[in-house]
Amino acid sequence: MKQTTKIINQAKKEGRKALLEPEAKAICAEYGITVNKFDVATNAKEAVAQAEKIGYPIVLKIVSPDIIHKSDAGGVKVNLKTAAEVEAAFKTIMDNAKKYKADAQIVGEIVQEMAPQGTEVIVGAVKDPQFGQTVMFGLGGIFVELLKDVSFRVAPLTKEDAKEMIINLKAFPLLNGYRGSKPADLNALADVLCNVSKMILDNPEIKELDLNPVMAYPVGSKCVDARIILE
Ligand code: ADP
Ligand code: MG
């Protein structure tokens with residue numbers, strides 16, 4: 001996993017603990033986790049050119065080592081449908097970031113494909129002081145934050161372990177065709193969990209990982225936000 005090692009070493013060299021979204025997504029992609037198409041722009045013109053290449057609708061987000069929670073900083077704009085909208089959003093995000101943290105170091109903005117809406121799930125990993133490298137799974141939004149409806153397993157995970165983690169959630173019916181909606185692709189979600197398990201075991205420098213959200217679809221899944229924190 002050459003790209004992964006390169007990215008981790010570069011961050012270490014720069015004394016950065018939090019990997020940037022494009023870095024975290026490149027690592028995910030190398031481990032077989034489907035992420036949305038993306039590129040990084042340093043000015044509005046470049047952002048428009050990349051958007052045209054990726055295809056509308058587009059999502060723009062701030063890329064800064066000093067801004068971890070991008071939405072809190074006004075650093076995320078979704079569903080941009082034209083070049084003019086991308087250009088305007090690029091400027092707004094820059095202004096918002098500067099207002100949020102005047103001395104933030106800004107790398108640019110990530111220009112990405114807007115993924116179709118799916119059921120938003122969260123895949124995480126933490127180093128538990130007692131049990132070691134642990135993988136977490138839950139449903140997005142209130143299910144994790146308010147209801148604490150999450151499941152944990154110590155890595156390495158088998159495919160069976162991963163499926164059990166998903167099925168064990170109280171909110172599992174929401175993934176399994178509740179009220180006539182199409183069931184999510186459990187096999188694809190289990191693969192994401194297994195790939196995360198492999199990633200964290202291969203790279204003990206990873207202290208925390210947060211794929212929040214991963215869009216779960218009837219066929220396949222797509223990670224639209226990734227955060228990795230190093231030891
Ligand atoms: P934050 O750093 O605030 O967690 P996110 O990257 O998760 O920022 O973006 C906030 C929300 O915007 C996500 O929870 C998701 O609902 C939506 N979103 C982000 N990126 C995409 C994308 N590429 N396609 C579709 N929706 C997205
Ligand atoms: Mg997020």
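Along the sequence shown, residues carry numbers from 1. It should be emphasised that the depicted structure is a prediction, and the values quoted were computed from it without experimental measurement. We count ligands from 1, going down the list as the structure has it; atoms in each ligand are counted the same way.
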- Could you check which N/O/S atom of Asp225 is closest to the Mg ion (ligand 2)? OD2
- Would you call Lys101 and Asp103 a salt bridge, using N to O less than 4.0 angstrom? yes
- Sorted by first residue and then second, give each side-chain hydrogen bond (donor to acceptor under 3.5 Å, both in side chains) pair with at least one member in residues 35-44; sequence neighbours left out. Lys25-Asn36, Asn36-Gln112, Thr42-Glu46
- State plainly whether the residues Glu23 and Arg16 are in salt-bridge range, i.e. N to O under 4.0 Å. yes
- Item | Cluster overlap Ile110 with Ile106, hydrophobic side-chain contacts below 4.5 Å | no
- Task: Report yes or no: does Asn212 have an N/O/S atom closer than 2.8 Å to the Mg ion (ligand 2)?
- Result: yes
- Message: Name the residue from Lys17, Lys12, Lys127 that meets the salt bridge (Lys or Arg N to Asp or Glu O under 4.0 Å) definition with Glu205.
- Response: Lys12
- Would you say the side chain of Asp128 lies within less than 4.5 Å of the side chain of Phe152, judging by non-hydrogen atoms? no
- Query: Name the residues with a heavy atom less than 4.0 Å from ligand 1?
  - Reply: Asn36, Val59, Lys61, Ile68, His69, Lys70, Ser71, Val76, Gln112, Glu113, Met114, Ala115, Glu120, Asn212, Pro213, Met215, Val224, Asp225, Arg227
- Same cluster or not: are Leu175 and Val214 linked, directly or through other Ile, Leu, Val, Met, Phe, Trp or Tyr residues, by side-chain heavy atoms under 4.5 angstrom apart? yes
